[in-house]
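Below is one structure; the comments refer to it alone.
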2 protein chains.
Amino acid sequence: MSSVLGSAPAGEGGAVVSRTMEAAAEIRSRISHGELKPGDRVPEAKLAESLGVSRNTLREAFRSLNQEGLITQVPNRGAYVAIPNINTIIDIYRVRRLIECQAVADALPRHPAFTDMRSAVEAALEQRDLDDWAGVAGSNIRFHRAIFELADSPRLNRLYVQLTTELRLAFGLIDDPEYLHAPFLERNLEILELIEAGETAKASELLREYLFLAERILLAGYERLSTT
Amino acid sequence: MSSVLGSAPAGEGGAVVSRTMEAAAEIRSRISHGELKPGDRVPEAKLAESLGVSRNTLREAFRSLNQEGLITQVPNRGAYVAIPNINTIIDIYRVRRLIECQAVADALPRHPAFTDMRSAVEAALEQRDLDDWAGVAGSNIRFHRAIFELADSPRLNRLYVQLTTELRLAFGLIDDPEYLHAPFLERNLEILELIEAGETAKASELLREYLFLAERILLAGYERLSTT
DNA sequence: GCAAGTCAGATTGCTCAACAATCTTAGGCA
DNA sequence: TGCCTAAGATTGTTGAGCAATCTGACTTGC
């Protein structure tokens with residue numbers, strides 16, 4: 001047995017977590033860290049052993065991950081790390097434009113999410129100066145998560161988590177955070193300041209162009225992938 | 001053993017369905033038919049026996065249902081049919097206003113979804129004349145599903161399925177389809193005709209008022225529930 | 001050489017039985 | 001009444017096992 005999951009005897013400050021949830025979290029982390037790449041098979045027996053859980057427990061974790069869109073399950077053939085294709089990208093950006101632009105346009109003045117937006121923008125600029133592009137990617141995602149939060153809707157926030165989960169897979173396929181994120185740092189700041197100044201209509205329009213451009217850049221990266 | 005699930009030896013035209021999926025479908029159906037009501041406990045052992053599946057299989061089904069928002073799982077205490085509370089209602093309508101109004105405003109001319117919208121509207125009017133209010137409820141949901149389809153986004157459609165799943169629970173608590181749906185039949189027709197006439201801005205505005213009213217009616221019904 | 005058929009090995013889908021951990025509840029006691 | 005305890009019930013997790021299905025290599029016949 002080569003368990004990776006901790007097995008503290010419970011009784012800590014944090015919430016109660018089952019082994020199933022731990023397993024799911026560990027797989028999520030392996031995917032987002034690139035140990036598991038899109039298209040990889042995820043065999044039950046091997047993974048169960050490497051995580052130190054039983055097959056049954058792992059299968060429960062798979063059900064969760066499947067519905068999060070992280071893995072794809074084919075009956076009798078097993079689970080694969082999901083491969084975001086071009087249609088996925090197009091759909092995700094369609095949804096983002098619809099929700100983010102509206103959220104910005106309707107943003108209430110002095111909304112608590114402003115704080116998160118500003119800290120994400122500033123962190124991203126610092127990280128760029130340090131050439132920490134992975135950090136920039138994370139900060140950029142935090143910025144847009146804050147935009148979603150402007151809508152004050154738990155359900156939309158949950159949707160956003162799913163969208164970024166899938167987007168991260170796509171970013172991972174391109175694997176060039178500078179190419180993907182550099183063009184947007186200044187714009188993030190610009191959008192934030194427009195919102196704070198109450199010019200939500202302008203901010204929303206700027207964000208719309210921004211998201212179209214981001215989609216184009218990502219799709220162009222995909223194009224290059226498939227032709228090489 | 002008193003299995004309810006069919007166990008055909010496989011090999012039919014339809015998609016491959018696992019026992020887990022069958023179990024989940026059966027539970028979904030029991031909830032939407034009112035056999036299981038919000039707040040009901042759903043004990044693993046009993047339900048597994050009544051469905052004719054093992055506890056492990058049922059637990060996998062629970063994972064799916066949990067993420068669909070149909071049941072709530074509390075660690076070490078089991079699963080309950082979800083109880084939509086007032087915050088749930090408010091959030092769902094917030095999301096619906098944001099997405100449906102935008103989808104209508106951006107609707108492409110002669111979109112295929114128009115057909116569904118019209119057939120749903122007409123079905124609802126006929127059902128009203130037959131006093132088939134359960135039918136009206138279903139047609140009304142079909143109408144709004146078609147509105148979501150105007151956005152041409154698989155992810156938004158999936159979101160809509162989740163929202164209506166939860167809404168159905170709320171409607172079930174009120175249990176007065178005429179009260180809930182009668183005020184909207186004429187408006188549905190009006191909105192449809194505005195869209196078809198290309199007056200999407202007007203249609204969107206009308207829909208927004210509509211959704212605010214629907215929310216108010218549902219919340220008022222809730223109010224009466226808790227005070228009686 | 002190539003298409004079709006066959007068969008063993010691997011993997012998944014599902015079940016069962018068992019046990020530890022946790023929650024609930026009913027009694028007992030101060 | 002209010003707290004404590006012990007028994008009972010339910011969940012969390014495991015491991016073994018078997019049938020169904022898929023995969024890939026091998027054989028066969030053209």
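Just so it is clear: chains get the letters A, B, ... in the order the sequence lines come, proteins before strands, and each one is counted from 1.
- Distances shown here put every side-chain N or O of B/R19 at or beyond 4.0 Å from the OP1 or OP2 atom of D/dA19.
- Whole-Å rounding puts the B/R55 CZ to C/dG13 C1' distance at 18 Å.
- Contact check on B/E68 versus B/R28 returns a salt bridge, with a Lys/Arg side-chain nitrogen under 4.0 Å from an Asp/Glu carboxylate oxygen.
- A cation-pi contact, defined as under 6.0 Å to the ring centre and within 45° of the axis, is absent between A/R96 and A/F212.
- Judged as a salt bridge (Lys or Arg N to Asp or Glu O under 4.0 Å), the pairs with a partner in residues 162-177 of chain A (not counting sequence neighbours) are, in order, A/E166-B/R155.
- Annotation: cation-pi geometry not satisfied between A/R216 and A/Y222 (NZ/CZ under 6.0 angstrom from ring centroid, within 45° of ring axis).
- Regarding contacts with the backbone of D/dT11, every side-chain N or O of A/S18 stays at 4.0 angstrom or more from both OP1 and OP2.
- For B/N56 and B/P43, each mapped to the nucleotide of DNA chain D holding its nearest heavy atom, the one lying further toward the 5' end belongs to B/P43.
- For C/dC14, one of the phosphate oxygens OP1 or OP2 lies less than 4.0 angstrom from a side-chain nitrogen or oxygen of B/T20.
- With sequence neighbours excluded, the residues that form a ring-ring contact (aromatic ring centres under 6.0 Å, His included) with B/F171 are B/H181.
- Within a heavy-atom distance below 4.0 Å of DNA chain D, the residues of residues 59-80 of chain A found are A/N76, A/R77.
- Side-chain polar atoms of A/S54 and A/R59 form no donor-acceptor pair below 3.5 angstrom.
- Remark: A/T57 is not in phosphate contact with D/dG12, judged by side-chain N or O atoms under 4.0 Å from OP1 or OP2.
- The CG-P distance, from A/L47 to C/dT12, rounds to 10 Å in whole Å.
- For the pair A/M21 CE and D/dG12 C1', the interatomic distance rounds to 10 Å; values are reported in whole Å.
- Distance CD (A/E22) to C1' (D/dG12): 12 Å, rounded to an integer number of Å.
- Aromatic ring centres of B/Y210 and B/H144: separated by under 6.0 Å.
- Rounded to whole angstrom, the span from the CD atom of A/E44 across to the C1' atom of D/dG15 amounts to 14 Å.
- To the nearest angstrom, P of D/dA16 lies 12 Å from CD of A/E49.
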